[in-house]
Amino acid sequence: MKLFLLATGYTIICLSACNTATTSNSKDSNIVDAAKQMIPVAPPPGNPNINDQLNAQDTLFEDGSIPSSWYNAGFDDPADFKLFLLSFKDWVKNDNIDSITAHVSFPLKTSKTPEAFRKAYPEIFNAEMKTLVDTLRLDRIFRNYQGAMLGNGEIWFSVIKGEYKIIAINK
């Protein structure tokens with residue numbers, strides 16, 4: 001219980017507040033789970049400037065979560081990785097399968113070889129996956145010790161021998 005005193009002229013007003021909220025509420029948990037389904041969101045309108053996107057604050061997300069540092073995720077140059085992601089977005093949009101395949105670390109769960117990946121590409125990068133990539137916000141890339149992920153873990157990236165590589169595709 002907190003007690004607040006407010007003095008105005010000759011009158012003293014006493015206000016008290018009690019925290020009666022429960023410590024765990026399944027409805028709150030459902031709200032959080034539902035919010036996770038809303039990710040990704042479209043880039044903010046009116047911000048087409050690449051430099052603004054590259055330099056946007058990315059250490060605190062709208063939901064209050066704090067991602068690992070880029071360094072802890074294995075990325076020494078976040079701006080360079082974000083530039084790579086802009087190229088990746090373009091490759092996916094234009095179905096540049098060879099460029100995407102060149103940046104995959106095989107084997108993947110979905111494809112063990114480059115040939116298998118090329119064959120499965122239309123199923124992997126279907127309309128839903130393309131929308132996920134297209135709506136990627138450069139200032140909202142989740143990262144941890146495993147690397148950087150898009151969406152809710154559909155695509156994971158890491159640095160392998162100095163190159164950006166897709167290390168997992170989860171569908």
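Just so we're clear, the structure is a prediction, and the values are computed from it rather than from any experiment.
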So which heavy atom on Lys89 is nearest to which on Leu136, and how close?
NZ-O, 3.1 Å

Identify the heavy atoms of Ser105 and Ile160 that sit nearest to each other, and give their distance.
OG-CD1, 3.6 Å

Mind jotting down which residue pairs meet the side-chain hydrogen bond (donor to acceptor under 3.5 Å, both in side chains) criterion with at least one end in residues 160-169? Sequence neighbours excluded, please.
Asp80-Tyr164

With a 4.5 Å cut-off on side-chain heavy atoms, are Leu85 and Val133 touching?
no

Looking at Phe106 and Thr113, what are the two nearest heavy atoms and their distance?
CE2-O, 3.4 Å

When Trp156, Phe157, Phe117 are each screened for side-chain contact (heavy atoms from CB on, under 4.5 Å) with Ile166, the one that passes is Phe157

Check against side-chain contact (heavy atoms from CB on, under 4.5 Å), Asp58 and Arg137:
CA-CA 10 Å; Asp58 66 358; Arg137 284 181 51 181; over 6 Å; no

Whether Asn94 side chain and Asn96 backbone form a donor-acceptor pair below 3.5 Å:
no

List the atom of Asp76, the atom of Tyr71, and the distance in Å for their closest heavy-atom pair.
OD1-CD1, 3.5 Å

To the nearest 0.5 Å, atom NZ of Lys119 lies from atom CD1 of Ile97 at 13.5 Å

Under 3.5 Å, is there a donor-acceptor pair between the Trp70 and Asp77 side chains?
no

Mind running side-chain contact (heavy atoms from CB on, under 4.5 Å) on Tyr145 and Asn72 for me, showing each step along the way?
CA-CA 6 Å; Tyr145 70 95; Asn72 287 341; over 6 Å; no

Note: Thr101 and Pro114 closest approach over all heavy atoms is CG2-CB, 3.8 Å

Leu86/Leu138 under side-chain contact (heavy atoms from CB on, under 4.5 Å): CA gap, chis, key distance, verdict:
CA-CA 9 Å; Leu86 289 174; Leu138 297 179; 3.8 Å; yes

Consider side-chain contact (heavy atoms from CB on, under 4.5 Å). Of Met149, Lys171, Met129, which one does Ile155 pass it with?
Met129

Taking the inter-plane angle between the rings of Phe81 and Phe84 on a 0 to 90° scale, is it parallel (under 30°), tilted (30 to 60°) or perpendicular (over 60°)?
parallel

